[in-house]
Number of protein chains: 2
Amino acid sequence: MKDKLKSIAIQLFYQKGYHACSISNIADRAGIQKSSIYYHYINKEELLYDILKETMDDLNKSLHEITTNIEGTEEQLKAIIRNHLNFHMERQKEVIISDSELRGLTADNLRSILRMRDDYDKKIKEIIKKGIDEGIFINRDPRVVTNAIVTMCTQTSTWFNPLGNLSKDEIIDIYTKMIFDGLKIKK
Amino acid sequence: MKDKLKSIAIQLFYQKGYHACSISNIADRAGIQKSSIYYHYINKEELLYDILKETMDDLNKSLHEITTNIEGTEEQLKAIIRNHLNFHMERQKEVIISDSELRGLTADNLRSILRMRDDYDKKIKEIIKKGIDEGIFINRDPRVVTNAIVTMCTQTSTWFNPLGNLSKDEIIDIYTKMIFDGLKIKK
DNA sequence: GCCTGTCTAACGGTCGGTCGGTTTACAAAG
DNA sequence: CTTTGTAAACCGACCGACCGTTAGACAGGC
């Protein structure tokens, strides 16, 4: 039932937003009374935190696997981009919640989630910095470049349609080429 | 007072989110009773709609000026990117609200805002398509390319710090170069 | 007989919104 | 120069609904 509640909460937080979705909404959809939810979660925020924590954990875990198993700066970055895109197109609801409902957290929980996000971004920034040092990437502010890449990939969660006529792999291909080689035909 | 209410609402909707911010919150900050707000706005949603409408109007107006005053596909796209980045770094609060609080709108108002957003995106897509036809941009799905560019530029609103050590112009420069030429040093 | 999970019932509080009445500003009339 | 009319702007009390949360009872399985 705890898992059921979580997946219902993901659906509803995504659809209506955290504050617009009440405990009763979730209970109704689960077929139980709203008071019964408090057997599984101490309060509404913990339900949100549980979702965000799990999502960030999974994302960080997948990044860790890449940086330990793949060699070569360019190949690493390519794998990171592929992974990030894949994650955000597969788990659209969770990542959209993660991006828009941080304000629903109290100070301690917020700090915990933000640190996970910072860790993630920092690892990517380090790889871009390494690429610049190795002379394979153009020397531009790594912070800005990281933000540009991460945010554009993250946002696929908001527009990707699993039933559309473009597959995830096709989108990953286009994004990767755009990030590495840009828009313009080389003269 | 109506303008004052709007700017307070922008601040609070941005800080706490639309649903987490009550009419009383806004009234308190404005130094009036909450009932007085209903003299200026028929309900809470109209206050949100007013913000979103004005923001999208201004954005669309700025785009229109570019497409009528600038010639050449590449120069147009460059100007569009500069304008989009500038707008989103200058009016961070409004555009963040525009991106995250659409769910607070009822059907009619939502449709109206979404149409403005679609118009905007469509114009950019057409220019990219034109660039592909003219042989200056690499032939990739214009829908995906547009989404990639627009979302990455939009998201500067979430991380740009006006007090940071990077100016808007520096960021615009990096973004433009990244979009047109990518990350990699050409061999 | 105890633990797990759910129930019913109720709590205090806040929400968006309404109502009738009051203040303010200002202009026309005397 | 004062009085009066009027509309804009605001107030304070109030509404029903719903919020998140708690307490305590109860049913079924180990």
Side-chain angles (χ1 to χ4, degrees), chain A residues 1-54 93 97-98 100-110 112-113, chain B residues 1-54 93 97-98 100-110 112-113:
Chain A
M1 175 56 77
K2 194 169 181 176
D3 285 347
K4 188 176 174 185
L5 288 175
K6 199 195 287 188
S7 78
I8 290 172
I10 290 172
Q11 176 65 32
L12 291 183
F13 289 169
Y14 161 72
Q15 265 180 23
K16 318 208 277 173
Y18 174 67
H19 279 105
C21 165
S22 71
I23 294 285
S24 339
N25 292 153
I26 299 169
D28 285 353
R29 181 93 48 123
I32 60 172
Q33 295 296 315
K34 65 174 176 171
S35 55
S36 304
I37 290 182
Y38 289 84
Y39 175 79
H40 303 282
Y41 290 98
I42 59 167
N43 56 28
K44 190 185 178 185
E45 187 192 341
E46 206 213 344
L47 187 44
L48 174 62
Y49 180 68
D50 195 18
I51 294 169
L52 302 184
K53 178 88 187 326
E54 192 192 30
K93 291 168 194 168
I97 296 171
S98 302
S100 60
E101 302 293 1
L102 290 180
R103 289 172 301 197
L105 297 174
T106 45
D108 282 352
N109 286 337
L110 177 62
S112 150
I113 298 292
Chain B
M1 175 57 76
K2 194 169 181 177
D3 284 348
K4 188 177 175 186
L5 287 175
K6 200 195 285 189
S7 79
I8 291 172
I10 290 173
Q11 176 65 33
L12 290 183
F13 288 169
Y14 161 72
Q15 263 180 23
K16 319 209 276 174
Y18 174 68
H19 280 104
C21 164
S22 71
I23 293 285
S24 335
N25 292 153
I26 298 169
D28 284 352
R29 182 91 50 121
I32 60 173
Q33 294 298 312
K34 67 171 178 172
S35 55
S36 304
I37 289 183
Y38 289 87
Y39 174 79
H40 302 281
Y41 289 98
I42 58 168
N43 57 27
K44 191 184 177 185
E45 187 192 341
E46 207 213 343
L47 188 44
L48 174 62
Y49 180 69
D50 195 18
I51 295 169
L52 302 184
K53 178 86 186 322
E54 191 191 30
K93 291 169 195 168
I97 296 170
S98 302
S100 59
E101 302 293 1
L102 290 179
R103 288 172 301 197
L105 297 174
T106 44
D108 282 352
N109 286 337
L110 177 62
S112 150
I113 298 293

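In this text the structure is predicted, and so the values were computed from the model without any measurement.
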Tell me, do A:Q11 and A:K93 make a side-chain contact under 4.5 Å, heavy atoms counted?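 Sidechains of A:K93 and A:Q11: in contact.
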Would A:K6 count as a cation-pi partner of A:Y41, with NZ or CZ less than 6.0 Å from the six-membered ring centre and within 45° of the ring normal? no
Looking only at the side chains, is there a donor atom on one of B:S112 and B:N109 sitting less than 3.5 Å from an acceptor on the other?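 Note: B:S112 and B:N109 side chains miss the donor-acceptor criterion.
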Which of these, B:D28, B:I26, B:I97, sits in a side chain to side chain contact (heavy atoms under 4.5 Å, CB included) with B:L12?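 That would be B:I26.
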Scoring nucleotides 8-25 of chain D by protein non-hydrogen atoms under 4.0 Å (B base, S sugar-phosphate only, - none) yields SBSBB------SBBBB--
Indicate yes or no: does A:E54 engage A:K2 in a salt bridge with an N to O separation below 4.0 Å. no
